[in-house]
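Whatever order the structure lists ligands and atoms in, that order sets their numbers, starting from 1.
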Amino acid sequence: MSLPRGDGFVHLADYRPPAWRIPSAELQFELDPEATEVLARLVLSPDPARPGEPLELDGEELELLAIALDGQPLPPERYDYDGQRLRVHGVAANCVLDTRVRIHPATNTRLEGLYCSGRLLLTQCEAQGFRRITFFADRPDVMPRWRIVLRADRAAYPVLLANGNPVGTRDLGEGRHEATWENPHPTPAYLFAIAAGAMERVTSSLETMEGRRVELNIWAEPGDVARCAYALGAVERSLRWDERRFGRCYDLDVFNVVAAQDFTMGAMENKGLNIFNARYILADEATATDADFLAIESVVAHEYLHNWSGNRVTLRDWFQLSLKEGLTVFRDTEFSSDLHSRALKRIEVVRLLRSRQFPEDAGALAHPVRPDRYREISNFYTMTIYEKGAEVIRVLHTLVGEAAFRAGMDRYFADNDGRAATLEDFLSAHAAASGRDLSQFARWYSQAGTPELRISEAFDETSGDYTLTVTQNTPPTPGQPEKQPLLIPLRFALYDEAGQAITTPPESDTTVRDGLAELTRETHVLRWRGLGARPLPAFNQGYAAPVKLHFEYTVPQRARLARLERDAFNRWDLLQQLATEALLGTPHAEAATAALGDALADLLSDASTDPAFVAECLALPDFDTLAEALPEVDVDALVARREDLLDRLAEELVEPLQARYEALAAVARGGLDGAAMSARALRNACLAWLTRLDPEARLSQAQFDAAGTMTERLAALRCLLHFQAPGAPAALQAFRDAHAQDPLVTDKWIALLATRPDPETLADVQALMATPWWKPANPNRVRALLGSFARSNPLGFHRRDGAGYRFVAGQVAALDAINPQVAARLLGGFESWRRWAAPRRELAREALASLQGKLASPDGRDLLQRLLD
Ligand code: PHE
Ligand code: ZN
């Protein structure tokens with residue numbers, strides 16, 4: 001790791017190992033929201049290979065009260081601190097550095113370092129927040145063992161938590177007490193955490209596969225603890241699953257999780273002390289939707305699974321971020337797929353990839369899964385690092401198969417345990433275990449942009465020879481004009497006239513086995529000899545390769561394949577393709593609409609298909625996904641075409657929609673079993689279509705009034721609000737009043753308000769900001785109102801007069817002074833601005849340009865510059 005070069009970027013190529021190591025760190029906190037004092041005792045030892053390097057530590061906004069070397073107070077000429085780095089002069093050998101600093105949690109609105117959330121005191125250190133707590137080599141390849149002593153007022157802070165195992169508590173007199181924690185595993189500072197306050201817990205205990213007794217606790221503010229039970233179960237399931245599927249056990253005596261209302265991201269995997277955004281912990285059926293429950297389970301798993309992929313094996317530097325994030329998303333996705341429906345999980349992931357990661361990869365902020373330079377690392381917690389990173393791991397899994405993948409993971413964990421690893425370490429473990437050369441595969445990490453596959457067919461009527469020609473290409477991205485061919489696993493199937501799969505393998509100029517071709521060059525050919533008739537091909541089953549695939553099906557072919565295909569993901573995807581054809585105004589739009597209507601009618605009346613799958617088929621591609629497929633986006637035209645199609649299909653499908661809505665009523669009534677959740681998913685999908693046909697929205701009103709679960713109530717409220725039903729204001733009022741004390745449910749109605757598809761919604765958003773509901777220091781509230789407006793309200797954000805862009809830009813400037821990471825995420829809504837058709841492109845550019853000179857944070861400035869460059 002290193003400091004920025006003259007160009008303002010940190011470069012991967014400049015990495016140097018730490019000149020000083022810190023084998024152990026002892027911290028003592030005198031906790032107080034206004035002014036906390038932190039005593040740090042660091043054991044320092046120079047790298048013997050590089051003696052004589054200066055001793056420099058990171059430190060930000062720290063008030064230095066005392067400093068001593070080997071027990072001797074340091075005179076001022078022996079050190080200097082410029083607000084960023086502390087330099088200690090004239091030290092060359094092993095030594096002990098003591099510092100005492102003062103920090104101010106109550107005014108820390110950035111929520112990095114030590115801060116207050118409600119009455120809790122907590123920390124967030126990834127990526128570079130630890131330097132806001134005390135002086136340290138704040139880089140992931142410096143990994144001490146830690147001892148942490150917390151002292152605080154007992155009444156205000158009865159519970160004192162830190163990383164590792166608890167080793168003792170004592171009373172300090174005068175109402176103060178102390179707790180000591182030890183983390184025996186070498187751990188980088190970004191995984192440091194403490195949490196203090198009047199928390200209550202739900203708890204359980206289990207024995208790991210290795211025979212270790214572990215106490216599991218979820219902590220929350222007292223009123224919330226009743227809603228932690230589901231998350232506790234999710235921790236247990238995650239722990240057991242990692243034992244079963246990856247042979248990985250938990251490695252401390254206690255696993256603590258804390259829920260906080262103020263948290264910038266989703267959650268954080270600190271060693272032995274995960275800290276969560278409360279929205280990913282708190283749930284019961286009256287306040288959380290089925291989607292919330294599933295998200296909670298998967299985020300709990302994600303953080304738990306980091307204990308091996310991230311913590312035991314950590315990162316050498318921040319360029320390797322996807323080494324823990326992509327890998328852990330892959331692992332949590334497998335967890336959810338093993339526990340629930342694999343096909344539905346795949347659909348969920350691919351929807352996210354297409355609507356958010358593809359636009360990122362095609363826009364101004366595109367970057368490789370392993371970037372080679374950054375100005376501000378907090379801007380790299382992206383869809384590409386997480387979601388594409390996970391897809392790339394899935395590509396590897398597909399190429400080598402489950403057994404070799406598991407062997408490669410075992411080897412990676414064994415070889416790198418307790419170390420700070422790189423992508424090369426990961427690849428060499430997998431290369432050794434699978435016996436494969438992974439050098440071409442590694443290009444997935446260095447090349448940005450979504451690869452495209454174009455497949456064409458030829459059939460010779462006389463010989464019966466059938467040929468598929470596959471060409472790959474990755475478009476240019478910022479800084480990467482030329483791309484090399486990738487190693488792409490292409491799954492395929494051929495169906496004969498009777499709808500039977502043809503099992504004869506093709507001849508090919510590349511490796512083909514079991515319906516999988518390994519594409520390595522720009523062009524490959526697959527050839528079958530002597531087929532009786534032209535077959536119907538299908539590709540990319542399970543979406544094994546994260547590519548855009550083009551094959552010129554006729555409408556009847558797509559429709560036929562949507563029934564024939566063995567692979568459930570592809571059946572869903574073929575309907576998405578029909579909808580896209582219908583929506584993007586191709587010459588076949590009419591035929592595609594008709595075929596889609598027929599297919600949906602059949603699905604709706606087929607009681608043997610999982611209702612949740614039918615619901616996914618009813619959900620057409622969203623605005624962002626469609627926009628991404630267009631060279632230039634005419635917002636009004638696209639939204640209007642989508643609405644027209646939905647209206648038309650709703651009329652055509654009214655009978656089966658009503659029938660299914662009624663038939664599923666009893667099963668949907670309550671409970672978190674799969675059947676009930678599936679039934680609610682399909683009923684709510686039907687409800688949204690049916691409400692299009694009824695200006696009074698009677699069905700939605702009835703569902704709202706009778707709902708026994710938040711899933712049903714919120715879906716009905718969305719219909720009432722978004723279709724501006726007569727009952728909408730009263731329903732909103734009732735909902736608001738019923739949940740006024742609950743910030744997470746309040747976020748839900750605020751997000752509904754912000755996403756009403758209408759240019760006039762901007763006024764509603766602005767009006768809300770004049771009420772006490774507006775809490776700009778709370779990231780969830782900002783996301784619910786402004787994030788939803790900028791990311792999920794095309795008609796509002798993209799108003800023709802540019803007022804949506806100006807408004808969001810203005811809010812970015814205001815929030816930059818409060819929480820720069822939250823502000824920077826909002827700016828991401830502009831990533832595709834160059835493809836917006838006139839007059840919007842120019843209006844967006846003006847809104848962005850107006851921000852120049854107005855953003856103080858490195859986060860905001862970096863993003864703005866990349867957007868405008
Ligand atoms: N590392 C966290 C996760 O994905 C995300 C995170 C990043 C949280 C930065 C806070 C700050 O699990
Ligand atoms: Zn993560």
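Salt bridge annotation for Arg331-Asp242: present, with a cationic side-chain nitrogen under 4.0 angstrom from a carboxylate oxygen. The existence of a salt bridge linking Glu424 and Arg370 is confirmed by a sub-4.0 Å separation between a basic side-chain nitrogen and an acidic carboxylate oxygen. Taking a cutoff of 4.0 Å between a charged side-chain nitrogen and a carboxylate oxygen, Glu831 and Arg356 do not qualify as a salt bridge. A salt bridge does not link Arg351 with Glu348: none of the charged nitrogens is closer than 4.0 Å to a carboxylate oxygen.
If you number the atoms of ligand 1 from 1 as listed, the ones under 4.0 Å from a heavy atom of His302 come out as 3 (C), 4 (O), 12 (O). Every atom of ligand 1 is numbered from 1 in the order shown, and the set under 4.0 Å from a heavy atom of Tyr381 is 7 (C), 9 (C). Heavy-atom contacts of Glu303 reach the following atoms of ligand 1: 3 (C), 12 (O) (cutoff under 4.0 Å). Near Glu325, the atoms of ligand 1 lying under 4.0 angstrom from a non-hydrogen atom of the residue are 1 (N), 2 (C), 3 (C), 4 (O). Contact atoms of ligand 1 toward Glu269: 1 (N), 2 (C), 3 (C), 12 (O) (distance under 4.0 Å to a heavy atom of the residue).
For atom 5 (C) of ligand 1, the closest heavy atom belonging to the protein is Tyr386 OH, 3.3 Å. Here the heavy atom of the protein found nearest to atom 9 (C) of ligand 1 is Glu126 O, 3.7 Å.
Side chains of Ser117 and Asp262: a donor-acceptor N/O pair is present below 3.5 angstrom, by distance only. With no hydrogens or angles considered, a side-chain donor-acceptor pair links Tyr381 and Glu126 at under 3.5 Å. A donor and an acceptor atom, one from each side chain of Tyr15 and Thr422, are nowhere located under 3.5 Å apart. Side chains of Glu112 and Gln821: a donor on one and an acceptor on the other come within 3.5 Å.
Under a 4.0 angstrom heavy-atom cut-off, Lys324 registers as being in contact with ligand 1.
His306 contributes NE2 and His302 contributes NE2; the angle these two atoms make at the Zn ion (ligand 2) is 100°, rounded to 10°.
Contact annotation for Ala267 and ligand 1: only backbone heavy atoms (N, CA, C, O) come within less than 4.0 Å of the ligand.
Counting backbone and side-chain atoms alike, Glu325 contributes an N/O/S atom closer than 2.8 Å to the Zn ion (ligand 2).
Any N or O atom pair closer than 3.5 Å counts here, and Gln124 shares no such pair with ligand 1.
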